[in-house]
Amino acid sequence: MFGDIFNAQFVASSIRVAIPLALAGLGGVFSERSGVINIGLEGMILSGAFTAVAVTNFTQNPWAGVLGAILVGILLGLIHAVTCITFKANQIVSGVAINLFASGITVFFCWLLFNETQIMVKTSLPIWGLPLPSIGEGSTFARNIIVMFAHYSPLVYLTIIIFILAHLILFKTPFGLRLRSVGEYPQAADTMGVNIIKMRYMAVMTSGALAGLAGSFLSLEQAHFFVKEMSGGRGFIALAAMIFGKWTPLGTAGAALLFGVGEALAMRLQGVLAIPVQFIHMVPYLLAIFVLVSAVGRATPPAADGIPYEKEIG
Amino acid sequence: MPEIALEMKNITKRFPLVVANDNVNFKVYKAEIHALVGENGAGKSTLMSILYGLYQADSGQIFINGKKIDIANPNVAINLKIGMVHQHFMLVPPLTVAENIILGMEPKKNNIFIDMEKAIKRVEELSESMGFKIDPKAKIENISVGIQQRVEIIKVLYRGAEILVMDEPTAVLTPQEVEELFEILKSLKKQGKTIIFITHKLNEVKALSDRVTVMRRGKVVGVKNTKDTNQEEIASMMVGRKVIFEIEKEPLNLGKTALKVEKLEALNNKGLPAVKNISFEIKEGEILGFAGVEGNGQTELVEVITGLRPTSSGKIFLYDKDITNYSPRNVREDKIAHIPEDRRQRGIISNYTVAENLILGSHYRLPFNKGLALNFTAINNHANNLIKNFDIRPSDKDNLLKSLSGGNQQKVIVARELYGEPKLLIAAQPTRGLDVGSIEFVHQQILNERDKGKAILLISADLEEILSLADRIAVIYEGEIVDILDPKKTNEKELGLLMTGSTANKKLLKVK
C-alpha cells in the first residue's frame, strides 16, 4: 500500500499542486517585502483562473490565456495599490474586498459569457519534453521521476526560472535592496532618495501578476476547467507558505512544496484509507495551521509590513 | 570675509496649526561648524528638512555656493552635496552596514547586480579616512548606537556631501562616544566640510562650534560667534527669559529607609538575566540616581519594582512591607509613583483627553468612580486643579494628549504621579527629549518631593542630570551595580568609564 501512494506520480502531483501556491506565495513575498499586506491573493488567483480559461477558449490560444490572467492580476494589484498606498486604506479590508469582488465577478462573467458555472478548457498548453539522460536498468522509481521532471507544462519550467530570478532580484540587485528597505524602514529609504510610492506600486502589481499566473496554472493545467470558487483558499495557504518561508523566494518555494505534498497526499489517500473524504480534504489546511504555529515565533515580518507610509510632521 | 557655503533667505513654512519657520534667515560659512540651537518646536528641524528637500518652504529662497536653487526632494539635496544625519537613525536594522550606506546609490556590475566588493572597499576607505574601522558586513541591528552613528556619517560622505547636517547627534551617545564624535567632526572640518550641528545642549555648542544661530518659536533670535558668547546668554535667547542653571539643593535630611532591594534578579524579554544580584536602599528625603548606558538592566529594574516584571529571586521592601512580585495595581496602592521611561508607550494614552489621562491608575477609586459610572464632576475638577498647579498648556482639560507638546505631556504624567502624596517616586529618564524650560520644571518637581521627605529613584542616561540631582549615584553595567558614588566626589569622565564597563577602572576601585 505504501508503494501505491509514494510513487513517482505522487512526486509529480506534489510539484503540480505546489506551483500555484509557490507563485502566489512569491507574490506575497514581493508585496510584503515592500510593506503592503496582500490578503487579496485569493481573489487574484480566482480572477486569473477564470480569465485564463475565458481568453483561451475565445482565442484558441492558451498562451493568450496565461497573458490575460497575468494582466488581470496586475489590474487587481493596481486597485489594491491605489487603495492601500495612495489612499492609505486598511490593507486587510482592501484585500478582503478584492476577494469578495473576485468571487462575484467571476461567476457573473461565467454566466454572461458561457451560460454555465463550469467551463472546460478547450486547448491546453503543450507538454515540453527535455532531452533525457539515458538511464540503465536502475530502479523504475528513479526513471519515473526523471521522466516526470522532463515532461511538464511549460509553466512549471517558467515557475522555476521565475523563482531563481526573484531570488537574484531581491538579494542581488539595487531594486531588491531598495524594495527590502522600503518594507523595513521607509523613512530611511526616503531620505536616501528612494521613491517609496513607486517601489510599493511595482511590488504590489508584481504580486498581482504572480497571483494571476498562479490562477492560470490552476485552471489551465491542473484542473482543465474553471468552476466558481475554485481557488479554494490557496491564496491563504500561499500566505502561510510565505510566512513559513520567512519572506524569501526560496523559502516560500520550499514551504509551497511541503503543502503540495500535503495536498497530493490528501488526493492519494482518498479511497485508500477508510476515512471520510472530508477529513482527508482537511490535511493541507491542518498542515498550514501546524506549520504556522510552529513557525510564527521565529518568523519576523518586514518591520513596516501593513503600515502606510506617511512623512512625519515635525 | 569667509566664503558662504549656504544661505537660506526669508524662509517661511506653515503647518496646519503652527508657523514652524517665520521669515527665517540662516547663513553658514564654508568649513565651519555652525551650531543651530533652540527648544523643541523652535523650528530647527523644519528648517533643516526644507534644506534637505523633505519639506517645501511656503516662501523664501535657498542659495548654495551663491547659486539660487530649488530643492524638491532629497535626491536634489544629495546631488547638491548636502547630507543629513537624522536624530533617529535612518538605518535599516536587518541590512548590513555596507547595504545601508549604498542604498539608493548602489555601485553596479554588469549594469544589473550590486557590486558588493566595490561597496565594501569604499566603506573601508571612508572609515579609514576618518581614523576608525568598521565592519561593512555587520548587520545594523547587531552594532552599538555609537557605531550606527558612524555608519550614518559614512553614508552621507559616500554621497559626496560637502555640507553635513547633524540633528541632535549626541542625544544617544555616552560621554566617550561624544568625545570621539567631536574628533570625527573636527577632522571633517579640516577636510573642508561644512557642518551644521543641531543641539540643545549648550556645553556642546561651546565645545565644538565656530558660530551659533539661536531659534525661538520659528524665528531666528540671534547669530553669534561662539567665542563671543556664553551659555547663559544662549539659554536666555532660546527660552526668552533667564534660565537658572545651577540647581539649588537643600541640605540632605535623611529619614527612615523607604525602599530596600535585596539581591534582586530578573530576566529580560529574551529570557536572559538582565538584573543581577542588585541590592540598595533609599531613605526618605534622598535621591538615588542610577547612571548607565541604556539597556544595562535599568528598564528591567524599574519594571520589577513597579510590578510590571516578575523577579526571579530577591526581595523588595517598601518600609517594612514585602512587596516582591506585587501586581502593578497593588504597587500603586502602596503609593509608589512611576514616571516611565517610554512616555508614549507607558505614560499616557495619546487618544485620551488630559482629564482622562490624569485619572489613569486611580480611575477605579473614589471619587472618580462611583459604582458603575465615572464621576465627571470630580474628574473635571481634578483636571482643572492639576492643569493650574502644574501649568499644563494649553490649559484645556478636553484636549487630546497627542495634541500636546512632549514637555506638556510629561507635565501631565508628573502631575498624575505626584498627586496623592506618593511614598516613593521612580523617575525613569524624566527629561528625555524635553526642552530647557520643561527640564527645569521637572527637575524642580523632583527636588520638591525630595525636600518634602520622599524617597526618589532616578534613572537617567543624562549624566549632567544625575550629577546635579542625585544624592548618591549607583552606576549600573550589564545588570550589576558596579559602584555607588558620591556626586560631589566624582565627574562625568569617571562615571562614563564605569558605565561602559572599563575593567581597568573597576580594578582600581576595588583596590581603593
Side-chain angles (χ1 to χ4, degrees), chain A residues 29 32-35 161-162 164-200 202-203 243 245-249 251 296-305 307 309-314, chain B residues 13 15-18 20 40-41 43-46 48-49 52-55 72-79 83-96 98-116 119 140-141 152 155-156 158-159 165 167 406:
Chain A
V29 169
E32 298 214 353
R33 280 279 186 173
S34 84
I161 293 167
I162 285 174
I164 293 167
L165 280 179
H167 175 79
L168 292 176
I169 287 170
L170 264 182
F171 296 108
K172 303 285 176 198
T173 67
F175 176 86
L177 181 63
R178 292 172 190 192
L179 189 76
R180 286 181 289 143
S181 71
V182 164
E184 288 286 347
Y185 193 1
Q187 286 79 6
D190 195 9
T191 58
M192 291 297 98
V194 176
N195 187 335
I196 316 264
I197 306 296
K198 188 178 113 191
M199 294 304 296
R200 288 191 168 173
M202 287 172 76
I243 294 169
K246 298 196 170 158
W247 287 266
T248 62
V296 140
R298 282 165 283 131
T300 30
D305 202 4
I307 306 165
Y309 179 62
E310 310 223 30
K311 280 186 185 177
E312 285 175 64
I313 294 196
Chain B
K13 173 75 185 172
F15 286 119
L17 291 172
V18 285
N40 289 339
K44 301 165 295 192
S45 295
T46 307
M48 289 301 109
S49 298
Y52 196 61
L54 290 169
Y55 295 138
N73 59 53
N75 273 331
V76 177
I78 291 166
N79 288 337
M84 186 147 174
V85 174
H86 296 262
Q87 187 182 357
H88 305 286
F89 294 153
M90 291 297 173
L91 298 170
V92 185
L95 300 185
T96 67
E99 284 175 328
N100 267 284
I101 289 169
I102 60 171
L103 176 61
M105 229 176 123
E106 303 84 356
K108 280 187 230 169
K109 62 183 174 200
N110 309 330
N111 247 333
I112 301 170
F113 296 112
I114 296 174
D115 190 343
M116 230 352 134
I140 295 295
E141 58 199 1
E152 282 278 23
K155 202 164 89 174
V156 296
Y158 173 81
R159 287 164 171 73
V165 182
D167 190 356

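In the text below, chain A, chain B and the rest are named by the order of the sequence lines, each starting its count at 1.
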Need one label for B:F89: side chain, backbone, both or neither, based on atoms under 4.5 Å from any heavy atom in chain A.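 Contact with chain A: backbone only.
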
Could you tell me which portion of B:L95 (side chain, backbone, both or neither) has an atom closer than 4.5 angstrom to a non-hydrogen atom of chain A?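 For B:L95, the contact with chain A is made by the side chain alone.
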
What residue in A:G193, A:P174, A:A188, A:G176 has the most heavy-atom pairs under 4.5 Å with chain B? A:P174

Heavy-atom donor-acceptor pair, [X] side chain to [Y] backbone, under 3.5 Å:
X: A:R33; Y: A:W247; answer: yes
X: A:R178; Y: A:A189; answer: no
X: B:E106; Y: B:G104; answer: yes
X: A:R200; Y: A:V182; answer: yes

Option in B:N73, B:I102, B:N100, B:I112 with maximal non-hydrogen atom pairs under 4.5 Å from chain A: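 The residue among B:N73, B:I102, B:N100, B:I112 with the greatest pair count is B:I112.
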
Choice from B:K155, B:K108, B:M105, B:M116 maximising heavy atom contacts with chain A below 4.5 Å: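 With the most close heavy-atom pairs to chain A, the winner is B:K155.
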
Hey, could you give me the CD1/CE distance between B:I101 and A:M192, rounded to the nearest 0.5 Å?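 Between atom CD1 of B:I101 and atom CE of A:M192 there are 10.5 Å.
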
